[in-house]
Protein chains: 2
Amino acid sequence: MEIENRIERIKKQLHQQSYKLTPQREATVRVLLENEEDHLSAEDVYLLVKEKAPEIGLATVYRTLELLTELKVVDKINFGDGVSRFDLRKEGAAHFHHHLVCIECGKVEEIEDDLLEDVEKIVERDFTFKIMDHRLTFHGICRNCQQLKKGE
Amino acid sequence: MEIENRIERIKKQLHQQSYKLTPQREATVRVLLENEEDHLSAEDVYLLVKEKAPEIGLATVYRTLELLTELKVVDKINFGDGVSRFDLRKEGAAHFHHHLVCIECGKVEEIEDDLLEDVEKIVERDFTFKIMDHRLTFHGICRNCQQLKKGE
DNA sequence: TTGGTTGCAAACAGTTTGCAACGGT
DNA sequence: ACCGTTGCAAACTGTTTGCAACCAA
């Protein structure tokens, strides 16, 4: 099963830096894996983890998410409301994926395609800037809301 | 003088929506104009405004910045620390400009060029997503820090 | 006199931290 | 016994809100 594999790999990653995959941490990772497309906030993760491990504390979830961010297992993102969201990094993905945020319904869609190769070349050349990562978000109206507006 | 012109224009924009350019608001706008390249946080703005108008309250600054954001005079941005920063929109700029954030020294550089035209066409076509605005940030190492690293 | 605006303080939301207790090695 | 980890509560930070006072039209 895919999930078990990924947990095993994360476990090894933790061990390499002499951290442990405690039950609380495992439960947290499991929630992230099971809701991979969902852009959960720390609070969201907390509530979901609580269903399986009711004794867990919010602080532990925060600490785990911070740890996972350091290990680059997840990315901490921020769509402008004051809330951090956490996104699993795809295996071997060199770059952060992009997001489409609908300003009508708030839905967030992900784009895996690397659209920025050309743009990055230009930036690196013209600004002598060594790019390590990027964040690209489009704000607009999603397919669904476009349909709804037509019917108005 | 350039600044006076821009204030005059913002004043008109406010009046059109029956808001007033009060002394506090003017002082706030002035600070933004005088620190145009600086990506100030609300707190930053507050401290700078206080030098000229010591009686102003933090809440007023927040309310003014919110108002200016609504009017699209400024853009509210967010580089991942928990702080909102405010950036004057260039006159007539259809799109938000881009940023280069240096992960060594924290400096933020701006790019005015619209690099995303082609990418946007692809996204609008492939995802049926009507793009209204975008945010693009590159994280990496700036010219300066690259030099410093060479010398190590 | 009305309605937008202000300053202050209190409230709030998300996040972090201090600390004593816990648990595996 | 040690040391990383946990849960809890308190602290903190950035932001928002309620409200009485204010001020220009």
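Letters A, B, ... are given to chains in the order of the sequence lines, protein chains preceding strands, and every chain is numbered from 1.
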- Query: For the pair made of OH in Tyr46(B) and P in dG7(C), what is the distance, rounded to whole Å?
  - Reply: 9 Å

- Quick one: do Val49(B) and Leu58(B) end up in the same hydrophobic cluster if we chain Ile, Leu, Val, Met, Phe, Trp and Tyr together by side-chain heavy atoms under 4.5 Å apart? yes

- Message: Please report the distance, rounded to the nearest Å, between CG in Leu14(A) and P in dG4(D).
- Response: 15 Å

- Item | Euclidean distance, atom NZ of residue Lys50(B) to atom C1' of dG7(C) [Å, nearest integer] | 10 Å

- Query: So what does Ser41(B) touch, heavy atoms closer than 4.0 Å: a base, only the sugar-phosphate, or nothing?
  - Reply: nothing

- Query: Does the distance from a Lys or Arg side-chain N to an Asp or Glu carboxylate O, for Glu8(B) and Lys12(B), drop under 4.0 Å?
  - Reply: no

- Note on the structure: Ranking Leu58(B) and Lys20(B) by the position along DNA chain C of their nearest nucleotide, the one closer to 5' is Lys20(B)

- Task: Whole angstrom is fine here: how far is it from CG in Leu21(A) over to P in dG23(C)?
- Result: 17 Å

- Shortest side-chain distance from Tyr62(A), nucleotide among dG7(C), dT16(C), dG7(D): dT16(C)

- Touch class at under 4.0 angstrom, heavy-atom based, for Ile56(B) against every strand present: sugar-phosphate

- Message: Are His98(B) and Phe138(B) an aromatic pair, judged by ring center distance below 6.0 Å?
- Response: no

- Donor-acceptor pair under 3.5 Å, Arg63(B) side chain vs dG4(C) base: no

- Message: How many whole angstroms separate atom CZ of Arg85(B) from atom P of dT13(D)?
- Response: 16 Å

- Message: Categorize Glu55(B) for me: base, sugar-phosphate, or nothing, with a 4.0 angstrom heavy-atom threshold over every strand shown.
- Response: sugar-phosphate

- Message: Whole angstroms only, please: what is the NE2-P distance between His15(B) and dA24(D)?
- Response: 13 Å

- Message: Between the side chains of Arg6(A) and Glu36(A), is the shortest nitrogen-to-carboxylate-oxygen separation below 4.0 Å, so that they form an ion pair?
- Response: yes

- Query: Side chains of Glu120(A) and His134(A): is there a donor and an acceptor less than 3.5 Å apart?
  - Reply: yes

- Task: Establish, with yes or no, whether the OP1 or OP2 oxygen of dT6(C) is under 4.0 angstrom from a side-chain nitrogen or oxygen of Thr22(B).
- Result: yes

- Indicate, with a heavy-atom threshold strictly under 4.0 Å, whether Gln24(B) touches base, sugar-phosphate, or nothing. sugar-phosphate

- Nearest whole angstrom, please: distance from the C1' of dG3(C) to the OH of Tyr19(B). 13 Å

- Message: Between P on dG4(C) and CD on Glu70(B), what's the gap in Å once rounded to a whole number?
- Response: 14 Å

- Message: So, OP1 or OP2 of dT6(D): does either fall under 4.0 Å of a side-chain N or O from Thr60(A)?
- Response: no

- Task: Scan Arg25(A) against the nucleic acid and name what it touches under 4.0 Å (heavy atoms): base, sugar-phosphate only, or nothing.
- Result: sugar-phosphate

